[in-house]
Trainee: 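Attaching a single structure in structure tokens format; questions to follow.
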Amino acid sequence: MSKHLRNQLLRLLLEQQSPYISGEEISKQLGCSRAAIWKHVQELRNQGYEIEARSRNGYRLISKPDRIAPEEINFYLQTEVLGKEIRYYPAITSTQESAHQWALAGAKEGSLVIADQQTTGRGRLGTSWVSPAGTGIWMSLILRPNALLKFASHFTLLAAVSVFEAIQSLSSYPIHIKWPNDLLINKKKVCGILTELKGEQDRVDYMVIGIGLNVKQNDQLPSHATSLEEAAGKQYIRAQVIAQILQRIELCYMEYVKEGFAPIRKRWEAGAQSFFGREVQAKTWNGVIKGIAEGLNDDGALIIRSEGEKRIIYSADIQMT
Amino acid sequence: MALELKDIHELVQLVEKAEVAEFHMEHEGTKITIKKAVGEVAVQPVAPVVQLPPPTAQNSTVTTQSPAPTQETKEVEDAGLHKIESPMVGTFYRSPSPDADPYVQEGNTVSVDSVVCIVEAMKLMNEIEAEVNGTIEKILVKNGELVEFGQPLFLVRTT
């Protein structure tokens, strides 16, 4: 029995309605022997699935590990395009790097690279992103929008809105967007998004949206960071969160294609309410600009009122003071 | 001779067509600063106050009048130098991180797919490639500066 059949077996166990699914039923649906089923139940157990086997009743899934392999993500996934092809790595240097290589080799729109652990996860301008095994969502999504480069930055705000809404749909605690696309809980960073693109003339060839989301609290998290589980006091199934994020990105993307930046911008502003009207410091390569965060311009750049002057910020680390 | 409204209007048009982000001049006590900003042109006479040309006409022309890359390439090929232009508004970086070496220096040889810089906007990092084979003749922008759509970043002597 191939890995494909094992994934089908897992799906049957995940979807089972009655308490037990009989070995006979499984072998009928998958077209394999009951001995083969038994062998693969053992392998699933080795992966951390807790499966009860009763000779009279059949099999029952008691608990499952927080895996993010494609078969787990697919179980929750309801998208049309995004995440239809997934490359999963237990450990990798950087999902961004891997996604670039895949995109250059012709990856389709919506292809996803995901890893349980990144050894050299990266952030903006050479900063690193802490990505210990099993504690978060470290993924890079490849998009090929038919868009002019000068509008490409809209996608970074679109990604922020999508992750923001995905987390909101699974949780009830307050979460905030910080310009341009950090997500904060209790003023601590829970998610960072880094987008890299390759242009072809004045258009996008492909873009790689890298999302780092801290799910489980761990001692490697910097002091200014937090995790979903610390905020919620409950456990998350990472595969479900991933599927929800992809679903929201797809919806926002379709909306953007149809209606442009305006509706995305409105929802971004709703998520960033706590940000506007506040005193902020924008740390740029050429110095610090202090002022009041006033709003966005049409590109998604930040407007800061500083000493009576309107400053438009395209790149900076923002600190709320 | 005092500056007249039509002179300023002409200046605005000249600056708009020129590949500069900002223009300063002083003429018989009149200071004029013309800045090309995102989607707007600000004409700011410092003293004395001069009537401003209506800004609406400028607003729409800033981006549309930026020369299309193809025309531009043709023009500079005549002069033997290729301009690498910014495909978007954003911050210009010569290296991938503050402590890394610059992608290129003046005098360096580049090929079509050599990365020459990054332009960043809203945490979107766009690695700009040379798109020609040649030698970097001049770097036109400083590290960390904001660049406009269509603004020339490098001059390349093509080979």
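Side chains included, hydrogens not; waters and symmetry mates left out as well; all remaining heavy atoms used. These numbers come from a predicted model, not from an experiment. In what follows, chains carry the letters A, B, and so on, assigned in the order in which the sequence lines appear, proteins first and then strands, with residues in each chain numbered from 1.
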Trainee: With only heavy atoms counted, which part of A:Leu148 is less than 4.5 Å from chain B, the side chain, the backbone, both or neither?
Mentor: neither
Trainee: Rounded to the nearest 0.5 Å, what separates atom CE in B:Met88 from atom CG in A:Asp202?
Mentor: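 Between B:Met88 CE and A:Asp202 CG, I get 13.0 Å after rounding to 0.5 Å.
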Trainee: Below 4.5 Å, heavy-atom pairs only: which of A:Gly126, A:Ala316, A:Pro180, A:Gly123 has the largest tally toward chain B?
Mentor: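 Sorted descending by pairs with chain B, the first entry is A:Pro180.
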Trainee: Could you tell me the separation between the CG atom of B:Asn126 and the OG1 atom of A:Thr195, rounded to the nearest 0.5 Å?
Mentor: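 OG1 of A:Thr195 is found 11.5 Å from CG of B:Asn126.
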Trainee: Looking only at non-hydrogen atoms, find the nearest pair between A:Ser315 and B:Tyr93 and report the distance.
Mentor: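 Closest approach of A:Ser315 to B:Tyr93: CB-OH, 3.5 Å.
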Trainee: Atom CD of A:Glu196 and atom CD of B:Glu120: how far apart are they, to the nearest 0.5 Å?
Mentor: 10.5 Å
Trainee: List the steps, then state whether side chain to side chain contact (heavy atoms under 4.5 Å, CB included) holds for A:Asp182 with B:Lys123.
Mentor: CA-CA 10 Å; A:Asp182 282 352; B:Lys123 265 170 90 178; 2.9 Å; yes
Trainee: Which bit of B:Pro98 is near chain A, if near means a heavy-atom gap under 4.5 Å: side chain, backbone, both or neither?
Mentor: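 B:Pro98 touches chain A through backbone and side-chain heavy atoms alike.
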Trainee: For the pair A:Asp299 and B:Val89, evaluate side chain to side chain contact (heavy atoms under 4.5 Å, CB included) and give the outcome as yes or no after the intermediate values.
Mentor: CA-CA 9 Å; A:Asp299 288 339; B:Val89 185; 4.2 Å; yes
Trainee: If only atom types and distance count, is the side chain of A:Thr156 paired as donor or acceptor with the main-chain N or O of B:Met122 below 3.5 Å?
Mentor: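 Side chain of A:Thr156 to backbone of B:Met122, a donor-acceptor pair under 3.5 Å: yes, one is there.
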Trainee: What distance do B:Leu146 atom CG and A:Arg311 atom CZ have between them, rounded to the nearest 0.5 Å?
Mentor: 10.5 Å
Trainee: To the nearest 0.5 angstrom, please state how far the CE atom of B:Met125 sits from the CZ atom of A:Arg122.
Mentor: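 If I round to the nearest 0.5 Å, the distance is 9.5 Å.
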Trainee: Tell me, for B:Asp99 versus chain A, whether the close heavy atoms (under 4.5 Å) come from the side chain, the backbone, both or neither.
Mentor: neither
Trainee: If you count the non-hydrogen atoms of other residues, nucleotides and ligands that lie under 6.0 Å from CD in A:Glu259, is the total more than 12?
Mentor: yes
Trainee: If you compare all heavy atoms of A:Trp285 against all heavy atoms of B:Ser95, which two are closest, and at what distance to 0.1 Å?
Mentor: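 So the two residues come closest at CH2-OG, 4.0 Å.
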Trainee: To the nearest 0.5 Å, what is the distance between CD (B:Glu145) and CG (A:Asn286)?
Mentor: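 That separation rounds to 7.5 Å.
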Trainee: Considering non-hydrogen atoms only, spot the tightest contact between B:Ala121 and A:Ser153 and give its length.
Mentor: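 Taking B:Ala121 first and A:Ser153 second, the nearest heavy atoms are O-CB, 3.8 Å.
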Trainee: Kindly indicate whether the side chain of B:Leu124, heavy atoms from C-beta on, has any atom under 4.5 Å from the side chain of A:Phe155.
Mentor: no
